[in-house]
Structure formats: structure tokens, C-alpha cells
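Everything on this sheet refers to the single structure shown next.
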Amino acid sequence: MSATTQHADQTPLTMSGAEVVLRALKDQGVEVIFGYPGGAVLPIYDAIFQQNAIRHILVRHEQAAVHAAEGYARSTGKVGCVLVTSGPGATNAVTGLLDALMDSVPLVCLTGQVPTHLIGNDAFQEADTTGITRPATKHNYLVKRSDDLARVVHEAFHVARSGRPGPVVIDLPKDILINKAPYAEAPPATQPHRSYRPQAEPDMGQIRKAVALLKASKKPVVYAGGGVINAGPEASRLLTEFVHLTGFPCTNTLMGLGAFPSQDKQFIGMLGMHGTYEANLVMHGCDVMLNMGARFDDRVTGKLSHFSPGSKKIHADIDPSSINKNVKVDVPIVGDAGRILAAMIQAWKEDTTTQDREALAAWWKQIDAWRAKDCLRYVQQGKIIKPQHAVKRLYEITRESGRDTYITTEVGQHQMWAAQYFGFEKPNRWMTSGGLGTMGYGLPAAMGVQIAHPDALVIDIAGEASILMNIQEMATLAQYRLPVKVFILNNEYMGMVRQWQELLHGGRYSESYSAALPDFVKLAESFHGVGLRATSADQLDDVIREMLATDRPVIADIAVAKDENCFPMIPSGAAHNEMILGPGQEGGVAGVTDEGKVLV
Amino acid sequence: MRAATIAVLVENEAGVLARVIGLFSGRGYNIDSLTVAPVDAEGRLSRITVVTSGTEMVIEQIKAQLDRLVPVHKVSDLTLEGPHLVRELALIKVVGTGDHRVEALRLADAFRARVVDATTESFVFEMTGNAEKIDAFCALMRPIGLKEISRTGAVAIARGTHALMG
Ligand SMILES: Cc1cc2nc3c(=O)[nH]c(=O)nc-3n(C[C@H](O)[C@H](O)[C@H](O)COP(=O)(O)OP(=O)(O)OC[C@H]3O[C@@H](n4cnc5c(N)ncnc54)[C@H](O)[C@@H]3O)c2cc1C
Ligand SMILES: Cc1ncc(C[n+]2csc(CCOP(=O)(O)OP(=O)(O)O)c2C)c(N)n1
Ligand SMILES: [Mg+2]
């Protein structure tokens with residue numbers, strides 16, 4: 001007999017609302033919650049205290065709880081779970097929630113709320129949490145009846161992980177947590193939701209249309225994004241199989257890095273604003289484009305009216321609202337990337353028309369000529385460490401170590417250099433804030449990754465400005481003995497801001513200098529970690545090796561060239577073929593119109 | 001650019017209207033009118049009618065964005081799907097005496113507006129029709145004592161046997 005029927009029979013209920021919540025989390029497979037306590041959620045904390053199935057990680061700021069859950073989720077494919085109190089606890093979580101929404105990360109965030117009878121009275125620590133988080137979540141709930149509690153928690157997990165994944169908030173008034181509530185098991189997967197039914201299975205007619213277009217192509221490209229990561233590791237394997245089967249070039253978005261192996265000879269690098277010369281020219285010049293789980297972001301398309309002007313476009317995405325949003329496409333395919341790729345592989349093999357291999361070979365010849373520009377080349381000479389070199393050496397030395405390595409980043413130039421110079425052979429190894437671009441993401445995200453993968457090497461490639469935005473999490477690392485490595489490319493500038501000021505605002509460096517920086521070595525030590533520093537190129541490798549050998553939290557403060565810019569760069573409002581390749585070509589920026597300057 | 005009359009069937013639950021309206025304001029879509037009321041026997045489903053306008057791509061976005069809201073069952077672009085009826089209800093108060101009263105009644109008759117309240121100095125007219133008809137009536141009433149208007153916004157339904165659900 002289920003708890004619900006007991007309730008209907010007037011049999012006394014034995015579990016409090018808080019216990020029902022924990023039971024539902026456990027049944028949903030939750031092993032870890034990232035959280036921070038407060039008055040409204042004390043009943044849940046009390047229930048946590050009295051059980052062992054779910055581990056609670058006490059962060060030092062609610063924003064960090066959400067980013068940690070994002071790191072956990074993106075590195076495992078599971079739903080991340082967060083617990084915060086009402087009012088300021090909930091508002092502190094908002095940045096993290098929006099970050100997860102923009103980057104399609106599955107999360108469930110439990111927020112405390114004042115008791116139901118006080119809602120609307122400006123009670124102590126009351127916030128209209130469902131109102132505030134509505135545009136920052138995939139969906140949210142306010143539980144006003146104990147009878148709804150278990151169902152809502154189960155439903156929240158279903159909504160978070162299915163379709164296009166995203167964050168879901170459950171707002172829990174304190175009386176609902178204290179009062180007894182009935183438990184109900186999760187509905188069977190076969191029972192569809194009343195109104196929410198995302199489409200995972202693609203339409204075979206569209207698949208065949210896409211394959212016919214691709215077979216007839218002469219200058220194709222596969223442009224794969226975060227959706228392939230969302231679809232699970234099997235989708236990445238299928239993507240690789242499809243690209244090998246067809247012989248096409250493949251580029252990844254920032255969010256898609258790792259979906260296709262970086263060492264593969266058909267990989268042409270990341271595309272977009274700071275993408276490679278070859279990837280952007282391939283996008284510009286292709287005749288058929290297959291977009292697999294990417295969303296034609298403005299950082300990728302550049303000037304829309306000049307975006308890939310001569311191509312037929314196929315767009316595979318699980319979210320119909322991603323299709324025809326920015327770029328009008330010729331063949332839309334709605335569904336899960338994994339299932340679409342499996343169907344395309346089969347349809348490709350069944351299709352009897354032959355591919356124009358000669359045209360493809362000519363296309364590759366052209367691509368190789370673009371590649372020969374070696375657009376990511378840099379010169380490391382003398383003592384001053386080039387930031388690109390620091391990332392390149394970090395990559396090479398971690399590869400030599402053979403350890404399973406997970407990289408997170410903060411936001412700025414260092415993030416782009418990490419994307420350009422660190423290679424990923426597998427999905428789920430790269431965690432970065434792409435859509436919202438949240439400084440302060442990397443350290444807590446790394447924390448979540450390390451919780452999920454205790455034996456792995458987890459490195460936050462950071463900037464000296466960003467790292468200060470969630471630096472308090474060093475204490476969490478110490479408390480839980482999480483040996484996360486923070487690798488700071490310290491250029492003493494908000495480098496990305498400085499770069500735009502140099503290129504677009506006449507070199508007027510308004511408020512972009514990182515003054516009064518802390519001593520990062522001492523800072524690491526005062527947080528019970530290890531601090532290391534490299535100030536000249538000859539120290540770099542030793543510092544990296546020592547960092548990797550240290551089984552404790554480490555901050556490595558790498559003093560890098562202060563005025564280095566991140567290239568290639570497509571200036572805002574420009575087209576793919578108007579890329580600037582390096583210093584000396586900034587003249588190209590002079591052409592940026594006011595129309596371009598208004599873009600972010 | 002075109003206008004679109006969109007019918008949306010939603011779960012009748014707290015916050016659902018805020019989700020729909022927030023979507024329009026947050027993404028900068030136009031709302032020319034929006035109506036909502038429960039439509040099934042148990043009161044679990046509500047029907048929202050939104051009249052909006054935009055380029056074909058924007059209207060397609062609006063529909064896709066509505067459809068991905070969790071409590072939304074069905075989105076239908078009546079304008080695109082074929083013949084449909086659009087009606088609006090208006091209550092129109094006209095205050096005046098003498099010739100103006102006579103003129104008001106004469107016009108109301110021509111427009112098939114009903115008198116639903118009257119005093120020696122005022123009428124309240126009730127009329128249904130499409131927005132243009134109500135606009136035209138109000139324009140004629142303006143010089144002869146139009147005082148107040150209350151309108152529902154458009155409700156709409158497809159002609160024939162075709163229904164939103166099933
Ligand atoms: C400083 C800075 C610079 C940047 N520069 C660049 C740059 O040069 N190049 C670049 O690429 N990005 C850059 N970005 C990131 C950029 O802003 C976007 O976040 C990124 O381009 C989006 O990646 P995506 O298109 O893969 O989509 P994501 O945001 O990963 O979205 C995934 C898409 O896949 C769909 N999807 C989800 N699950 C599935 C599934 N199971 N099956 C199928 N589809 C699914 C979703 O509906 C969505 O449309 C930069 C960001 C910052 C902060
Ligand atoms: C929370 C937040 N505030 C502001 C910005 C705007 N912003 C983008 S990059 C950047 C500078 C980052 O500096 P740093 O961390 O030192 O990285 P660098 O670019 O120098 O590598 C700023 C301020 C942002 N992305 N996030
Ligand atoms: Mg910096």
C-alpha cells in the first residue's frame with residue numbers, strides 16, 4: 001500500500017515534509033547536495049543530519065553551490081542538486097541558475113520559503129522566489145500543499161534532465177517541511193506528463209532529407225555543440241563515427257569541446273569569435289552545414305547577414321525554439337543528438353547515391369591551405385611567460401601524466417586560451433560558462449567536479465580578477481580535502497576588457513587594471529592550501545609539475561605577459577572572413593562600425 | 001510582418017499566466033491583446049488567446065517558446081491554420097442628454113449593441129464583434145458622450161469540426 005492511499009485511509013502519516021523531500025531525492029539517485037543553511041530550511045538540515053544516504057557539501061556562498069552542482073552535473077551527466085535558504089539564500093543562487101539555464105545544465109535547486117500563511121506579508125527573509133527565478137529557470141514550483149510535495153520533487157527531476165536540460169527550482173515553505181506529508185514513488189517512465197512531452201525521436205523523413213543534402217555536398221562541414229555533450233557520451237562516439245564515415249571536417253563550439261576528439265585529423269578547431277582561421281573560413285565557404293546540437297550563438301555567427309552565405313543548413317536540436325531563432329535553416333530536425341546521429345549513420349549507409357569524393361578532397365586541400373596559416377602560433381622568447389605558452393605546457397604536462405583530467409575556467413582571455421590550447425579527447429572534461437559568461441564560475445565548478453571524480457585531476461584555469469569572485473570556496477576545498485588546482489594566468493588586468501578597450505575604445509583602459517591584488521601564495525596558505533608562483537618562463541614547467549604532484553588544493557600564480565591579446569578574433573559586427581589574426585592586423589578593427597560597437 | 005491570433009491551452013495552475021506574459025515581455029514580443037479563462041468541466045485547463053504581430057520568424061519563435069513552457073498543452077496559430085472566428089466583448093458607457101441620447105441609441109441599433117444599463121443621463125452598451133467593429137463604434141460615440149470602455153480582448157476558435165485538442 002502506498003503512502004498516498006494510507007493518507008486517503010486516514011492512516012497517520014509518519015514522515016515530515018523534509019523527510020519526504022530527502023526520500024524523493026534519494027529515489028531520484030541524488031548522492032550529493034551542495035548547500036548552505038538558514039532558518040527556512042532548518043527542517044531539511046535536521047533531516048540531513050539523521051541520514052547517511054545523501055552527502056551534503058557546505059559551500060561558502062550560495063552562488064558557488066549552484067556552480068558546484070553545475071560542475072558535478074556537466075562532468076557526470078547526472079542532475080546536480082542544490083539547497084539554499086529563503087530570501088538572500090535564494091537571491092544569491094540566481095546567477096548560478098541563469099548560468100545553468102543558458103548552458104543547458106540539469107539542476108534541481110531547493111529553496112526555503114516563509115510558511116504559507118506568511119507568504120505575501122513581507123515576512124523576515126521572504127522573497128518572491130518563483131517570481132525572481134521564473135526567467136532564470138527551465139521551470140519552478142512553489143509547493144503549497146503537502147499532498148503535492150513528493151510528486152513535485154519527482155517531476156522537477158524529470159523536467160531538469162529531459163528534453164533540453166536546465167535548472168528547476170522548488171520553493172518550499174517551512175510549514176510544508178515541518179508538517180507530515182504523504183510519500184509517493186516517482187511515476188513510471190512510461191506514464192507521460194500531462195503537458196510536458198519533449199520530442200527525442202527524430203522524424204525519419206527529415207533524416208533522409210539531411211543525408212541526401214550531405215551526400216550531394218562538395219564543401220560540407222559538421223558544426224557540433226553542447227547539445228552533443230548533453231546527449232551523453234554515446235552521442236560523442238556516434239558523432240565521431242559519423243564524421244569518420246563521411247570524411248567531413250568537424251568544428252566544435254566552446255560548449256561542444258570534447259564532443260569530437262581534438263587530436264583527430266578531421267578536427268578543425270573551435271569556431272566563432274576566437275575560433276580558428278580554418279574553422280571560420282570553412283563555415284563561411286561551405287555549401288552544406290550540419291549543425292548538431294549548437295544554437296547559432298552570436299559569438300559563433302558574427303554578422304548574421306554575412307553568416308555562411310552560400311550554404312544549405314541542417315539543424316538538429318532537441319529544442320524547437322533553438323531552430324530558426326537566429327538563422328533560417330533548410331532542414332530542421334527535432335530530437336536527441338544521439339538518436340539523430342544513430343539514425344543518420346544508418347540512413348547514410350542505406351542511401352545508394354555516391355558521395356563526390358573528388359570534391360571533398362579538393363575541399364580538404366583548401367582547408368589544409370587555411371590550416372597552414374597556423375593561426376594559433378605564438379612566439380615564446382625570453383623570460384616573460386606568454387599566457388598561450390602557459391596553457392600549452394599545462395596541457396602537455398598533464399597529458400604526459402596520463403591522468404584523467406577535467407578543466408574548468410573562469411571568464412576572460414584565459415578562458416579563450418584554455419579553449420584554444422588545451423585539447424579534449426572525450427566529452428564531459430571541459431566545464432566553462434559560455435552563455436552567461438559568469439566570472440567566478442570556475443573554482444566552485446571545479447569543486448563539484450572533484451566531488452564527482454575524487455581521483456581525477458581537476459584544474460581551474462583562472463584569471464586573477466575572476467578568481468576573486470568566488471575565492472571563499474578555498475575554505476570548502478580545505479574542509480573536504482578536495483585537491484583542486486587553481487592555475488591563474490595573472491596578467492594584472494581584466495584582460496578581456498582591456499583587449500576590447502585597446503581595440504575598440506582608443507586604448508583608454510578605464511577601470512580594467514587589477515589593482516591591490518592579494519598575494520595568491522599567502523592566500524592559498526591561509527586557506528590551508530599550497531601556493532606556488534612562476535614569474536619567468538624557466539620556472540613554468542617546475543611549477544606545473546609541483547602543482548600536479550601536490551595532493552592538496554593548490555593556487556599556482558603564473559605571472560604572464562600583461563598586454564597579450566587573444567587572437568584570432570572576429571571583431572563584433574564583422575563576418576567570419578573579416579577575422580583578425582594577430583597583432584599588426586588590428587587595423588582591421590578600425591572598420592568596426594557603431595553598429596558593431598553596440599554588440600557585446 | 002503579420003498579425004497572429006494564437007490559442008494556447010494550459011494547465012490552470014498558479015503562475016501560468018505570469019509565465020506567458022513574462023515570456024512576451026522578457027523577449028520583447030508584442031501583445032496586442034491577451035485573454036484567459038478556464039475551459040474544461042473540472043477547471044484544470046485554461047485557454048489563453050494572444051493576438052500578436054511580428055515577422056514570420058518571430059511568430060514561429062513565439063509559438064516554439066510558448067510550447068516549451070512546462071504547463072502548456074497545445075499551441076495553435078489560428079491565423080495560419082485557416083478559417084476561424086474572432087470575437088471580443090465590450091461594455092461602453094455613454095453619458096449625455098437630449099439629442100445625443102437619441103443619436104447614441106440610433107447608432108447602437110445600427111451596430112447591434114445592446115443597452116444593458118440605463119439612467120436618465122447614461123447608457124451602458126454591450127457589444128460583441130471583432131476589434132475593428134468595436135473601434136468603429138467607439139469612434140462614433142466619442143463626440144456624443146463616450147465616457148468609459150471596458151473590453152475583453154479577442155477570443156478565437158477555428159471554424160468547422162477541427163478542435164484544439166484531438
Ligand atoms: C568571453 C567569451 C567568449 C566566447 N567566444 C566564443 C567563441 O569564440 N566560440 C564559441 O563557440 N563560443 C564562444 N563563447 C560561448 C558562446 O557565448 C556560447 O555559449 C556558445 O557558443 C554556445 O554553444 P552551443 O551553440 O554549442 O550551444 P549550447 O549553449 O551548448 O546549447 C546547446 C544546444 O543544443 C541543444 N540540445 C541540448 N540537449 C540536446 C540533445 N540531447 N540533443 C540535441 N540537442 C540538444 C539545446 O537545445 C541548445 O540549442 C564565448 C563565451 C565567452 C564568455
Ligand atoms: C560577473 C561578471 N562581471 C563582469 C564580467 C565582464 N568581464 C568579462 S571578462 C572580464 C575580465 C576578466 O578578467 P580576468 O579574470 O583577470 O581574466 P583575463 O581576461 O585577464 O584572462 C570581465 C570583467 C563578467 N563576464 N562576469
Ligand atoms: Mg587577468
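Throughout, protein chains are lettered first and strands after them, A, B, ... in sequence-line order, and every chain is numbered starting at 1.
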**Request:** Report the relative orientation of the aromatic rings in B:Phe125 and B:Phe123; use parallel for angles under 30°, tilted for 30 to 60°, perpendicular for over 60°.
**Result:**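 B:Phe125 vs B:Phe123 ring planes: tilted.
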**Prompt:** Hey, what's the ring geometry for B:Phe111 with B:Phe137, parallel, tilted or perpendicular (30° and 60° as the breaks)?
**Reply:**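 Correct class here is tilted.
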**Item:** Contact leader toward chain B among A:Arg134, A:Arg194, A:Glu155, where contacts are heavy-atom pairs under 4.5 Å
**Value:**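 The residue among A:Arg134, A:Arg194, A:Glu155 with the greatest pair count is A:Arg194.
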**Message:** Quick check on the interface: out of A:Asn140, A:Leu142, A:Val159, who has the most heavy-atom pairs with chain B under 4.5 Å?
**Reply:**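 The candidate making the most pairs under 4.5 Å is A:Asn140.
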**Prompt:** Between A:Asp317, A:Ile323, A:Ile340, which is the residue that forms a side chain to side chain contact (heavy atoms under 4.5 Å, CB included) with A:Val334?
**Reply:**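 With A:Val334 as partner, A:Asp317, A:Ile323, A:Ile340 yield a single side chain to side chain contact (heavy atoms under 4.5 Å, CB included), made by A:Ile323.
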**Interface residues of residues 42-66 of chain B facing chain A - non-hydrogen atoms under 4.5 Å apart** =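 Hits under 4.5 Å: B:Arg44, B:Leu45, B:Met57, B:Glu60, B:Gln61, B:Ala64, B:Gln65.
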**Message:** Test your reading of the model: is there a side-chain donor-acceptor pair from B:Thr119 to the backbone of B:Glu121, 3.5 Å cut-off?
**Reply:**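 A pair under 3.5 Å: yes.
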**Asked** Taking the six-membered ring for Trp, is the centroid-to-centroid distance between A:His158 and A:Tyr196 below 6.0 Å?
**Response**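 Between A:Tyr196 and A:His158, which both carry aromatic rings, the centre distance is below 6.0 Å.
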**Asked** Which pair of non-hydrogen atoms, one from B:His84 and one from B:Leu78, has the smallest distance, and what is that distance?
**Response**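 Nearest heavy atoms, B:His84 then B:Leu78: ND1-O, 3.3 Å.
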**Residue part contacting chain A, namely of B:Val70, when any heavy atom lies under 4.5 Å** =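 Both parts, backbone and side chain.
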**Pair B:Asp77 + B:Arg2, salt bridge at N-O below 4.0 Å** =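 Result for this pair is yes, salt bridge flagged.
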**Request:** Flag the one option from B:Glu11, B:Arg19, B:Glu13, B:Arg68 with the top tally of heavy-atom pairs under 4.5 Å to chain A.
**Result:**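 Most pairs with chain A among the choices: B:Arg19.
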**Prompt:** What part of A:Lys328 lies closer than 4.5 angstrom to a heavy atom of chain B: side chain, backbone, both or neither?
**Reply:**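 Looking at A:Lys328, backbone and side chain both touch chain B.
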